[in-house]
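Notes to accompany the following structure.
Below, chains carry the letters A, B, ... as their sequence lines are ordered, and counting in each starts from 1.
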Number of protein chains: 2
Amino acid sequence: MNALFNCISQYHPISIPAWEVLSEALTQVELPKNSFLVREGMVCNNLYFLERGCLRGYYNNQDGKEVTYWFGFENNFITSFYSFISRKPGIENIQVLEDSTLWGISFETLNQLFDQHHDLERLVRIINEQYYIRLEERLMAMQFKTARERYEQLLGTSPHILQRIPLGQIASYLGISQETLSRIRSQV
Amino acid sequence: MNALFNCISQYHPISIPAWEVLSEALTQVELPKNSFLVREGMVCNNLYFLERGCLRGYYNNQDGKEVTYWFGFENNFITSFYSFISRKPGIENIQVLEDSTLWGISFETLNQLFDQHHDLERLVRIINEQYYIRLEERLMAMQFKTARERYEQLLGTSPHILQRIPLGQIASYLGISQETLSRIRSQV
DNA sequence: ACTTTCTTTTGACAATTGTCAAAAAAGGAA
DNA sequence: TTCCTTTTTTGACAATTGTCAAAAGAAAGT
């Protein structure tokens, strides 16, 4: 739980009482490789903090292909965002790529904590904003950069991804075919 | 200001006192077509609500080309998000595409209001979340749909954009060249 | 070591999209 | 209207990326 505390503190330090109620509300979840945290069609009721391991979010498109649109690593917050926020079933699957340790809190509990501790709601607002900025950067790359540029950007910002994730999933994440990524990689 | 009140209420109804301090804190801004709300290199200190008119956010890429990455219409919240949140200069320009009426609030004032009215911070958290979901949808379209599919999706969700915005800017927004968009359009 | 399975690479070819240049069309100003 | 400017369309061609199929390589299990 230290990792979470440290992570939170980088976004917005919270009061000790707020941290106490939060840490009491968290449930530890251990999941083995290849299991699923979230399945399409269900409402995702929990927000998670990933302490150890790695995950990916993907969905199945019309052609029956898996489309990976994010990876989660240590110290990332994880949820099926659309479903968690809208309280509706989502199309997203969250798969465990390495044995993982997470800390979870339910939507209801989190919102109760927001009522009690303004602090916590501020923390979440700030975290949301930072994640929004990251998403914006990804969108800009997707909109105006070539496959090669997107790959090189990934190399620069998140080289660890390339060590830990199969090529096909990275290609999908970059919005290109596995073959194209393989060719780009051989030409660098 | 009614438009803002109605818009807010759809996200999260706030208390009357909260609305009162908020509406007192807002400054009306009128801008003519082709003027700029934000210029690259500056820190964007304000969050705006667009009551009337339309705007676009764009930046100049390495090749010196304008890259449009969003449009704002009536009842949208507008800011140079990265700059507003991080308090750093951004690369974004926000240009007025039609004579516009906006209501603005500064970063400092907004944060003071957050301290006084938990309600307002919740409202902003919720709005942020909804905007996050929209961005996620755009990213998914950009990642896995063809130019034609993205255009047709835009036709379905925001046909008004096509009436009000020059083709070149729409093409840039969709991440394709103007010529390609023109050809797609002639084939539908 | 030997299968078996999964992942990555390679080749051949097709489809999509971009670029450059010019023409056509539309919109504004005098 | 006429002129001028901006926007949109079209053509020809090139570059990028995708698809399908097969081979090569790596990892996991027995």
Side-chain angles (χ1 to χ4, degrees), chain A residues 32-35 54 56 58 60-69 71 95-99 139-155 159-188, chain B residues 32-35 54 56 58 60-69 71 95-99 139-155 159-188:
Chain A
K33 181 171 175 171
N34 288 326
S35 63
C54 101
R56 70 167 176 137
Y58 74 90
N60 297 296
N61 74 359
Q62 308 93 319
D63 313 337
K65 287 190 186 158
E66 289 185 0
V67 160
T68 296
Y69 58 106
F71 298 108
Q95 185 183 23
V96 179
L97 299 182
E98 298 172 7
D99 295 352
L139 178 64
M140 281 162 55
M142 200 58 73
Q143 206 171 345
F144 306 109
K145 296 195 171 172
T146 63
R148 157 163 284 115
E149 288 169 332
R150 298 202 295 276
Y151 171 72
E152 283 166 355
Q153 175 173 317
L154 190 69
L155 259 184
H160 59 283
I161 290 188
L162 301 154
Q163 316 298 326
R164 294 170 72 176
I165 309 282
L167 200 70
Q169 292 176 16
I170 296 175
S172 175
Y173 175 80
L174 291 173
I176 57 182
S177 71
Q178 169 169 320
E179 293 90 336
T180 296
L181 180 54
S182 174
R183 290 187 175 102
I184 286 172
R185 213 162 59 149
S186 70
Q187 285 165 28
V188 176
Chain B
K33 181 171 175 172
N34 287 325
S35 63
C54 102
R56 70 168 176 136
Y58 74 91
N60 297 296
N61 75 358
Q62 307 95 317
D63 312 338
K65 286 189 187 160
E66 289 186 359
V67 158
T68 296
Y69 59 106
F71 298 108
Q95 184 183 25
V96 179
L97 300 182
E98 297 172 7
D99 295 352
L139 179 64
M140 281 161 56
M142 201 59 73
Q143 206 172 345
F144 306 109
K145 296 195 172 175
T146 63
R148 155 163 285 113
E149 287 169 332
R150 298 203 295 277
Y151 171 73
E152 283 167 355
Q153 175 173 317
L154 189 68
L155 259 184
H160 59 285
I161 290 188
L162 301 154
Q163 316 298 325
R164 294 169 72 175
I165 308 282
L167 201 70
Q169 292 176 16
I170 296 175
S172 175
Y173 174 80
L174 291 172
I176 57 182
S177 71
Q178 170 169 320
E179 293 90 334
T180 297
L181 180 53
S182 174
R183 291 189 174 100
I184 286 171
R185 213 162 58 149
S186 70
Q187 285 166 28
V188 176

message: Return the NE2 to CG distance between A:H160 and A:L154, rounded to the nearest 0.5 Å.
response: 8.5 Å
message: How close do A:K33 and A:D99 get, counting heavy atoms only, and between which atoms?
response: N-OD1, 2.7 Å
message: Taking salt bridge (Lys or Arg N to Asp or Glu O under 4.0 Å) as the definition, give me every residue that meets it alongside B:E98, ordered by chain and number, with sequence neighbours left out.
response: B:R164
- line: In short, the helix from C:dA1-D:dT30 to C:dA30-D:dT1 is bent end to end, axes from five pairs each side, to 10°, by 50°
field: Contacts of B:N60 that satisfy side-chain contact (heavy atoms from CB on, under 4.5 Å) - sequence neighbours left out
entry: B:E40, B:Y58, B:E66, B:N93
- prompt: With sequence neighbours left out, which residue pairs that include part of residues 167-179 of chain A fulfil the salt bridge (Lys or Arg N to Asp or Glu O under 4.0 Å) condition?
  reply: none
query: Whole Å only: how far is the CG atom of B:N61 from the P atom of C:dG18?
result: 13 Å
message: Measure CG/B:N34 against C1'/D:dT5 and give the value in whole Å, please.
response: 13 Å
- prompt: Rounded to the nearest 0.5 Å, how far does CZ of A:F144 lie from CE of B:M142?
  reply: 6.5 Å
field: Qualifying residues under side chain to side chain donor-acceptor pair (under 3.5 Å), relative to A:T68, sequence neighbours excluded
entry: A:R56
- line: d(B:I176 CD1, B:R183 CZ) to nearest 0.5 Å is 11.5 Å
- request: Establish, with yes or no, whether the OP1 or OP2 oxygen of D:dT9 is under 4.0 angstrom from a side-chain nitrogen or oxygen of B:R185.
  value: yes
query: Do any side-chain nitrogens or oxygens of B:S182 fall under 4.0 Å of OP1 or OP2 in D:dT9?
result: yes
- request: State which of C:dT17, D:dT9, C:dT10 makes the closest approach to the side chain of A:S186.
  value: C:dT10
query: Atom CZ of B:F144 to atom P of D:dG18: distance rounded to whole Å?
result: 11 Å
message: Tell me every residue that passes side chain to side chain donor-acceptor pair (under 3.5 Å) with B:S177, counting only those two or more places apart in sequence or in another chain.
response: B:T180
- prompt: Under the ring-ring contact (aromatic ring centres under 6.0 Å, His included) test, which residues partner B:Y69, sequence neighbours left out?
  reply: B:Y59
query: Tell me, for nucleotides 22-29 of chain D in 5' to 3' order, what letter each nucleotide earns: B for a base near a protein heavy atom under 4.0 Å, S for only sugar-phosphate near one, - for neither?
result: --------
task: Please list, chain by chain and in numerical order, all residues satisfying ring-ring contact (aromatic ring centres under 6.0 Å, His included) with B:F71, sequence neighbours excluded.
output: B:Y173
Distances under 3.5 Å only, N/O to N/O: pair up the protein atoms with those of nucleotides 20-23 of chain C.
residue: C:dC20; atom: N4; partner: B:E179; partner atom: OE2; Å: 3.1

query: Quick one: A:E149 CD to D:dA15 P, roughly how many Å, whole number?
result: 16 Å
task: In whole angstrom, give the distance that lies between atom CD of A:Q163 and atom P of C:dT8.
output: 12 Å
task: With sequence neighbours left out, write down each residue that passes side-chain contact (heavy atoms from CB on, under 4.5 Å) with A:K145, or none if nothing qualifies.
output: A:A141, A:E149, A:R150, A:Q153
field: Distance, nearest 0.5 Å, that separates CG of B:L162 from CG of B:L181
entry: 8.0 Å
- line: Per the under-4.0 Å heavy-atom filter, residues of residues 169-178 of chain A near DNA chain D come out as A:G175, A:I176, A:S177
Separation of D:dT9 P from B:Q187 CD (nearest whole Å): 12 Å
- request: Report the distance from atom CG of B:L167 to atom C1' of D:dT10, rounded to the nearest whole Å.
  value: 13 Å
- prompt: Distance from A:L97 atom CG to A:I165 atom CD1, nearest 0.5 Å?
  reply: 5.0 Å
query: For the pair made of CG in B:L181 and P in D:dT7, what is the distance, rounded to whole Å?
result: 15 Å
